[in-house]
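The next block holds one structure in the form of structure tokens; read it before the comments.
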Amino acid sequence: MISRPMTCGMELSDQLPKTYEFAKVEERWQNRWRDEDFYFDRNSKKPHFIIDTPPPYPTGNFHVGNALNWCYIDFFARYKRMRGFNVMFPQGWDCHGLPTEVKVEEINNITKNDVSREEFRRMCRELTIKNIGQMRQTLRRMAFSVDWSNEYITMQPEYFKKTQLSFLRMLKSGYIYQSEHPVNFCTRCETAIAFAEVAYDERDTRLNYFDFDSVEIATTRPELLAACVAVAVHPDDTRYQKLKGKTLKVPIFGHLVPVVRDEAVDPAFGSGAVMICTFGDKQDVHWWKQHNLALRKAIDRQGKMTALAQKYEGMTAANCRKAILSDMEEKKILRKQEALGQRVGTCWRCKTPIEILSERQWFIKIKPDEILDAAHQITWYPEHMLRRMENWVEQMEWDWCISRQRIFATPIPVWFCKKCNEMVVPDENDLPVDPTLTKPEQACPKCGGKEFAAEKDVLDTWMDSSISVLYVTGWDGHSSPEIFPAQIRPQGHDIIRTWAFYTILRSVALTGNRPWDQILINGMVLGQDGFKMSKSRGNIIVPEDILCKYGADSLRQWAAMGATTGSDIMFNWNDVVAASRFQTKMWNIARFVLLQLDKEGIEKNVPVTSLADRWLLTRLSNIIGKVTDAMEQYQFDVALKAIREFAWDILADNYIELVKGRLYTKDASRRSACLVLYTAYDAICRMLAPFTPYFAEECYFYINKTSVHKQPWVTFTYDDPQAYVEGDLLVKIVGDVRKYKHDSGLALNAPLGRVTIYAPHTIEDAGDAARTLNADVFWRTDTAKLDRIVTDIEFNRSVVGPAFRKKAPAFMNAIRVLSPQELVNPPKLITLEGTEVLVPDHAFTPKFSYMEGGAKVDVISVGDVIVTIQKTA
RNA sequence: GGGCUCGUGGUCUAGCGGUAUGACGUCGCCCUUACACGGCGGAGGUCGCCGGUUCGAAUCCGGCCGGGCCCA
């Protein structure tokens, strides 16, 4: 059967533009591809593959870091579809949170208190919707095969009602509780934050030494004097033995505090006596709990001094510090000040130093064992990232504080009876609710009261995003969804301690099961200078810039090849340019292949007999296996590298060069080459499809008139060990003779004369070598009648080493003194330190110089093949 | 200070027990009927340093030095 590509009356090769214009191609396919092709089919019988995609924060800009992450997702999503999976690649948007609130305040030049809560929320929603719109465009342009029917937006009722449902469920099961407890608090954002949201900054401060009722105390935070609840010293510190059991009078404020003894006090730091305040830092919290100390709140939620600070009331903490220091100076109790570098916990969003305040907050119980247990059931790529999770879980100290005192977030669905303070929750069927806008339908079940106070606190944003996997799999509060757990979670290593951790916690708490089978961690994208991208460094690269200059496929190739999956990756224009060049090369391969197939069409059942043809098929089969294995392990760099190497080196530079001459003939063997070209080309297109969807589609469509993205993954195999070895030899011989030509100053297509190849057995190359070298080529199996002189010996250490161990050097020395005849035909035994030992096969190869009785014959040796060249006179 | 990671030609990168992979750059030759956005070839590395294990180490072990990330 001969099938000719459909050509609409024109030859295919005429249709193919000389250069590949990515901008036109991308636009065309973007308009032609349909969203429905990527929809997850809930009724399908195919095995499902659910991806718990990260919902990005809708800033309006999809950055390069996101791009890397999404490229990985798209690579395996497309690959899995080709492997017959029913893939769900949802796209979420994690809307709630401070940055949007801040942005809204900035854009409208207001503060959140200037408008009603509802109005403020409306403004936040509006901005978010606009930003999502912008980011969707970039996603589409990057050709991510997103399932838009499974898009979710956490601020929308259908999503946050699940967040609220999960809250009620965990409240019921005892995971969630309220408590007055010290929490990290950002006084600028006026909200509690979790440990995961605390960043640490290096700052310079002063250590102030002052007289504390005749005891010298050193502190960096004199403004907390009003909150002082004890003085602590090391139990063994001889300087302070007499203070045992005493109380001291706090300077300026005058209240009495106990002296406590604690091993954790560092006698070498400051004066060795430290004041404990509620709360200067985490250590204070420890001591406070351990010694059961009083609670004195000197700083409020705005970061201002409370009434407890007496005359300093209303000052900011910073001003209070100045004022107290100057008062101390006046009273002559300030003794000295030292410069001190310290690390300050700050709010990761706004960089304001955090305070530790004791507040009534909502918490989720952290049960390290069940989280670790689930984490160990998940396969981590790369494996070592699991360590980060373990380390984080093992050192958790407080429970997760989930309440926030902000506006744009999921409301906590709770009221309190004004009469008896009983907590009342809505019926699950009434969700979502905003308790500040509605009231419970029933009277208080405890006292019958009808007046309720709404919980004004809202939920931490991670409460929304940590149920992404439950949402997409259709969790309804009753049991594990049928398609839960998901197959994979792709995400960055920067959010292992947050998103991954919280998701595992919530899945276990709500379903008793792990959230996913696998987790794939991607690295961070660094600027071209090797540093994290930042405005101040001016090293930010935006995806749009790359898309405009080199196109989506080049950017995607960079993502695949820039680094081993999981490691940080430096952005590098070179790699993008190299990727674009590969497309150019591949495009020319396409043009060549189509030009050849045009001539006589493709004959799909022609026997493939020529050595070069069989050789290419073995190499193709080999590369397919390699690429498939790499894809299964998410080693995109390995996979794409193998594809590129095959297309460029093996197919273009070796195979095509070898069979070109044959293709220009009208021999029957030309049809075999055509079939091989078609097979290889088809396979490359399909293997490239996950990586370069536009390019692969364009190449594939020209020849098959159908979408490559609807084809199955390549599973072609071809086993012919003899062709593999002999083909390699043929390629090597042709390459070496070419090099010889080059070294002799000949053009590569210049006539060469007579080339005789003495190979150990017959090789039938169908005349490929002769045409390629432009020479008369004679294959012979007899021995060349040449004088040869041994010039060197090459040892095969992987044979010599295991065979002789410590005696290897002695063996090699013994071989070196053999006669030339013996080197060519080695003896079976050799004497080594008085004992006879066996000479192993392939232990060494003699290197020869050739002469032929004075005749002008150049000789090249390729392994044990000898090639003589007699140039045209 | 702890954990995790990394240190390979000018730059970036693969390898992770048997004499070092590729890309970019650089130099030379070649416009050979797919491709000069190409082909062919060359130069360039004591694989951070010091020890150890081994017949043999970039590769394993120990120590040191230096980056990065996360956390105290």
Side-chain angles (χ1 to χ4, degrees), chain A residues 13 16 18-20 195-196 198-200 281-283 343 345 382-392 394-397 492-498 523-524 526 528-532 550 557-558 561-564 566-596 635 637-638 641-642 644-645 648-649 651-653 656-657 660-661 663-664 677 735-736 738-750 771-774 794-812:
Chain A
S13 47
L16 245 66
K18 239 186 136 112
T19 53
Y20 178 70
F195 265 111
V198 178
Y200 292 86
D281 57 24
K282 233 168 92 179
Q283 183 61 49
R343 276 179 176 240
E383 217 181 323
H384 70 256
M385 291 295 178
L386 171 60
R387 288 289 307 151
R388 296 205 183 183
M389 173 66 75
E390 290 172 340
N391 290 342
W392 178 244
E394 281 159 9
Q395 54 102 66
M396 293 303 308
E397 298 193 45
H493 62 65
D494 54 333
I495 50 173
I496 289 176
R497 68 199 167 104
T498 49
M524 300 292 107
L526 307 173
Q528 217 165 356
D529 53 6
F531 291 97
K532 212 168 173 176
Y550 294 97
Q557 283 192 64
W558 161 79
M561 297 262 290
T564 312
S567 53
D568 289 351
I569 169 172
M570 215 182 283
F571 180 76
N572 189 352
W573 280 107
N574 273 345
D575 291 345
V576 179
V577 174
S580 153
R581 280 199 194 150
F582 169 66
Q583 281 163 206
T584 303
K585 182 70 187 182
M586 195 51 215
W587 187 245
N588 281 298
I589 294 173
R591 290 177 59 219
F592 180 79
V593 170
L594 292 174
L595 185 74
Q596 298 310 321
Q635 293 172 332
D637 56 327
V638 175
K641 209 169 283 178
R644 278 205 208 174
E645 188 188 285
W648 203 317
D649 299 348
L651 179 63
D653 293 346
I656 291 181
E657 288 306 321
K660 225 177 208 176
L663 285 162
Y664 296 151
L677 278 179
D736 283 5
R738 279 188 164 171
K739 186 181 167 193
Y740 164 86
K741 272 179 131 173
H742 174 267
D743 291 346
S744 324
L746 291 168
L748 293 179
N749 62 340
R771 282 182 296 259
T772 307
L773 297 171
N774 194 9
E794 196 174 274
F795 288 97
N796 188 349
R797 277 154 214 271
S798 57
V799 171
V800 176
F804 295 99
R805 300 277 157 189
K806 288 198 173 162
K807 289 178 181 163
F811 170 76
M812 292 194 281

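By convention in this document, chain letters (A, B, ...) are assigned in the order of the sequence lines, proteins followed by strands, and residues within each chain are numbered from 1.
At a threshold of 4.0 angstrom between heavy atoms, the contacts of A/I496 with the nucleic acid are absent. At the heavy-atom level, A/K741 lies nowhere under 4.0 Å from the strands shown. If you check every strand for non-hydrogen atoms under 4.0 Å, A/Q583 touches nothing. Residue contacts shown for A/A652 include a base, since a base heavy atom lies under 4.0 Å away. Across all strands shown, A/S567 has no heavy atoms under 4.0 Å from either base or sugar-phosphate atoms.
Annotation: ring pair (Phe, Tyr, Trp, His ring centres under 6.0 Å) contacts of A/F811 (sequence neighbours excluded): A/F804. Residues forming a salt bridge (Lys or Arg N to Asp or Glu O under 4.0 Å) with A/E390 (at least two apart in sequence, or on another chain): A/R387.
Among the nucleotides B/G39, B/A34, B/C12, the one closest to any side-chain atom of A/D653 is B/G39. With B/U5, B/C69, B/A34 as the choices, the nucleotide that has an atom nearest any side-chain atom of A/L595 turns out to be B/A34. The listed nucleotides are B/G3, B/A34, B/C55; the one nearest the side chain of A/R387 is B/G3. Taking only side-chain atoms of A/P809, from C-beta outward, the nucleotide of B/C55, B/C4, B/A34 with the closest atom is B/C55.
To the nearest 0.5 Å, atom CD of residue A/E657 and atom CG of residue A/L651 are 10.5 Å apart. To the nearest 0.5 angstrom, A/M524 atom CE is 11.0 Å from A/S567 atom OG. The distance from the CD1 atom of A/I569 to the CG atom of A/D637 is 9.0 Å, given to the nearest 0.5 Å.
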A correct dot-bracket answer for RNA chain B, with pairs being Watson-Crick or G-U at under 3.5 Å, [ ] for crossing pairs and | for inter-strand pairs, is (((((((..(((.....[...))).(((((.......))))).....(((((..]....)))))))))))).
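The distance from atom CZ of A/F592 to atom P of B/G38 is 18 Å, rounded to the nearest whole Å. Residue A/H493 contributes atom NE2, which lies 12 Å from atom P of B/C6 at whole-angstrom precision. One can place NZ of A/K807 at 17 Å from C1' of B/G56, the figure rounded to the nearest angstrom.
Taking the P atom of each, B/C37 and B/G25 are spaced 12 Å apart, rounded to whole Å. Rounded to whole Å, the separation between the P atoms of B/G63 and B/C4 comes to 12 Å. For B/U19 and B/C64, the P atoms lie 32 Å apart once the distance is rounded to whole Å.
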Listing time: all N or O pairs from protein to nucleotides 65-68 of chain B that are below 3.5 Å?
none

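For A/W558 and A/F571, the gap between ring centers is short of 6.0 Å.
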Atom pairs and distances, side-chain donor-acceptor, residues 575-583 of chain A, under 3.5 Å, sequence neighbours left out:
{"residue": "A/Q583", "atom": "OE1", "partner": "A/Q557", "partner atom": "NE2", "Å": "2.9"}

Please lay out, stage by stage, how A/F592 and A/K660 fare under the test side chain to side chain contact (heavy atoms under 4.5 Å, CB included).
CA-CA 10 Å; A/F592 180 79; A/K660 225 177 208 176; 4.1 Å; yes
For a side chain to side chain contact (heavy atoms under 4.5 Å, CB included) check, start with the C-alpha distance between A/L677 and A/I656, then their side-chain angles and the critical distance, and finish with the verdict.
CA-CA 8 Å; A/L677 278 179; A/I656 291 181; 4.0 Å; yes
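Comparing A/M570 and A/V638 along RNA chain B, the residue whose closest nucleotide (by nearest heavy atom) sits nearer the 5' end is A/M570.
In this structure, A/W392 does not count as stacked on the base of B/C70 under the 5.5 Å centre distance and 30° plane angle limits.
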Base, backbone or nothing for each nucleotide of nucleotides 16-25 of chain B, written B, S, -, heavy atoms under 4.0 angstrom, 5' to 3'?
--BB---SS-
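Closest of all the heavy-atom pairs between A/K585 and A/A652 is CE-CB, 3.9 Å.
Judged by atom type and distance alone, A/K585 reaches the base of B/C35 through a side-chain donor-acceptor pair under 3.5 Å.
Between the side chains of A/N588 and A/R591, at least one donor N or O lies within less than 3.5 Å of an accepting N or O.
Within a 6.0 Å sphere centred on CD of A/E383, other residues, nucleotides and ligands contribute 12 heavy atoms or fewer.
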